[in-house]
Amino acid sequence: MKIGFVGLGLMGTPMVLRLLQAGYSVRVWNRTPEKMATVVAAGAQQATSVAELTQQCDVLMVCVTNTSAVRDIVFGPQGVTATGRQGQVLVDFSSIAPQATREMATELSSCCGMNWVDAPVSGGVVGAEQGTLAMMAGGDGAVIDQLRPVLAVLSRQLTHMGATGTGQVAKICNQMLVSCNVLVMAEVFALAEQAGVQTSLLPQALQGGFADTTPLQLTGPKMAVRDFDNIKWRVNTLLKDMNMASDLAQSLGSAVPMAGLGVELLRQHAGRGFGEQDPATLIHLYMEILSGEDKR
């Protein structure tokens, strides 16, 4: 199986490295060419365009920032549709809008007969590095089953959620839980610190209990000691996904008051210059409220 991979960011780079280590032939393209250096040094082949990449692969994997970026890659000049053909599969690991996913999948199928699988992932950079991501896949079940061996290199669990777009809905649900979790975590760490608790002990104290979560164990220690330099995920990513949650809920007439509050808090934090920072910086938002400090 010849694999093409577009998007060498925080997640894409370790995913490609795992595919190479598993012996797969991988050709890559990235909008910023410098970001391809690490995977090219590890054995990936560099393409000059998405069209060239698509022409020379069986499965095209995409992992980029948002809906607009996916649309440009697929339908833009020298994009997927320039050389896509019957029988190829596009696997989109990006977290994008479900309705847009369904529309693009239909258009890609009509245009060149390619299958679309939306398979957004959860587990962060650590999960990408260790091959323990959770994948929520939407699309043709038979096509997804054919992909399971290669996707097993990247994931601990792959769940077929249903028709095209359902993978993206599942990822939105995931992000609602994650975002609200990290927001209340920042609130807890700020409150505990103000009350004289040594907050570096909280993740250990809560481990194994009902309050324990992966974000608590990964992000809690960073909040406790204000370790924000090693960015593993970004505030703007959570904000983008929570905005999609609000849009989806509005389109369905569903009430999501907790998610609505989460959007406003994340927007406030991003507006203070923390958008490209790690969500561990959310501790600042609550410390300002409690102590009157302004960390801008």
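Because the structure is predicted, anything quoted here is derived from the model rather than measured. When a residue number appears, it is its place in the shown sequence, counting from 1.
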Visitor: Minimum heavy-atom separation for Pro221 to Pro203, with atom names?
Guide: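 Distance-wise, the nearest heavy atoms are CD-CG, 3.8 Å.
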
Visitor: Do side-chain atoms of Lys171 reach the backbone of Asp241 as a donor and acceptor pair under 3.5 angstrom?
Guide: no

Visitor: Do other residues, nucleotides or ligands put more than 12 heavy atoms under 6.0 Å from Gln217 CD?
Guide: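 Correct, the count exceeds 12.
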
Visitor: Looking at every heavy atom in both Val263 and Ser246, which two are closest together, and how far apart are they?
Guide: CG2-OG, 3.5 Å

Visitor: Grab the two heavy atoms, one from Val28 and one from Leu53, that are nearest each other, plus how far apart they are.
Guide: N-CD1, 3.6 Å

Visitor: Would Arg102 and Gln99 count as having a side-chain donor-acceptor pair, cut-off 3.5 Å?
Guide: yes

Visitor: Got a second to check how far His269's NE2 is from Tyr286's OH, nearest 0.5 Å?
Guide: 10.0 Å

Visitor: Mark yes or no for whether Ser109, through its side chain, and Thr106, through its backbone, hold a donor-acceptor pair below 3.5 Å.
Guide: no

Visitor: With hydrophobic residues grouped by side-chain heavy-atom distances under 4.5 Å, do Leu147 and Leu20 end up in a single group?
Guide: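 Yes, because Leu147 and Leu20 connect within a single hydrophobic cluster, where side-chain heavy atoms sit under 4.5 Å apart.
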
Visitor: For a quick test of reading the model, state the closest non-hydrogen atom pair linking Ser179 to Leu238 and the distance between them.
Guide: OG-CD2, 3.4 Å

Visitor: When hydrophobic residues are tied together by side-chain contacts of less than 4.5 Å, even through go-betweens, does Met61 share a cluster with Val39?
Guide: yes

Visitor: Flag yes if more than 12 heavy atoms outside Gln250 fall under 6.0 Å of its CD atom; otherwise flag no.
Guide: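 Open: at most 12 neighbouring heavy atoms sit under 6.0 Å from CD of Gln250.
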
Visitor: Not counting sequence neighbours, list each pair that qualifies as a salt bridge (Lys or Arg N to Asp or Glu O under 4.0 Å) and has a residue in residues 142-160.
Guide: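 Output for this query lists Asp145-Arg148.
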
Visitor: Could you measure the distance from the CZ atom of Phe93 to the CE atom of Met15? Nearest 0.5 Å is fine.
Guide: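 Reported to 0.5 Å precision, the distance equals 4.0 Å.
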
Visitor: Do Pro215 and Met185 have side chains that get closer than 4.5 Å, going by heavy atoms?
Guide: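 Pro215 vs Met185: side chains touch.
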
Visitor: How many angstroms lie between CG in Asn236 and CG in Leu266, if you round to the nearest 0.5 Å?
Guide: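 That separation rounds to 9.5 Å.
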
Visitor: Considering all heavy atoms of both residues, which atom of Leu239 and which atom of Ala270 are nearest to each other, and what is their separation?
Guide: CD2-CB, 4.1 Å

Visitor: Please check if any side-chain donor atom of Asn174 sits under 3.5 Å from a side-chain acceptor atom of Ser122, or the reverse.
Guide: yes

Visitor: Between CG of Leu248 and CG of Asn243, what distance do you get to the nearest 0.5 Å?
Guide: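 Going from the CG atom of Leu248 to the CG atom of Asn243 covers 12.5 Å.
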
Visitor: Please step through side chain to side chain donor-acceptor pair (under 3.5 Å) for the pair Ser94 and Asp92, ending with a clear verdict.
Guide: CA-CA 5 Å; Ser94 317; Asp92 184 23; 2.7 Å; yes

Visitor: So which heavy atom on Gln46 is nearest to which on Val40, and how close?
Guide: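 Where Gln46 meets Val40 most closely, the heavy atoms are OE1-CG2, 3.9 Å.
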
Visitor: Rounded to the nearest 0.5 Å, what's the gap from CG on Asp278 to CD1 on Ile283? Could you check?
Guide: 12.5 Å

Visitor: May I ask whether Leu108 and Ile3 are part of the same hydrophobic cluster, defined by side-chain heavy atoms of I, L, V, M, F, W, Y residues being less than 4.5 angstrom apart, directly or through others?
Guide: no

Visitor: As an exercise, state the distance from CD of Gln78 to OG1 of Thr54, rounded to the nearest 0.5 Å.
Guide: 10.0 Å

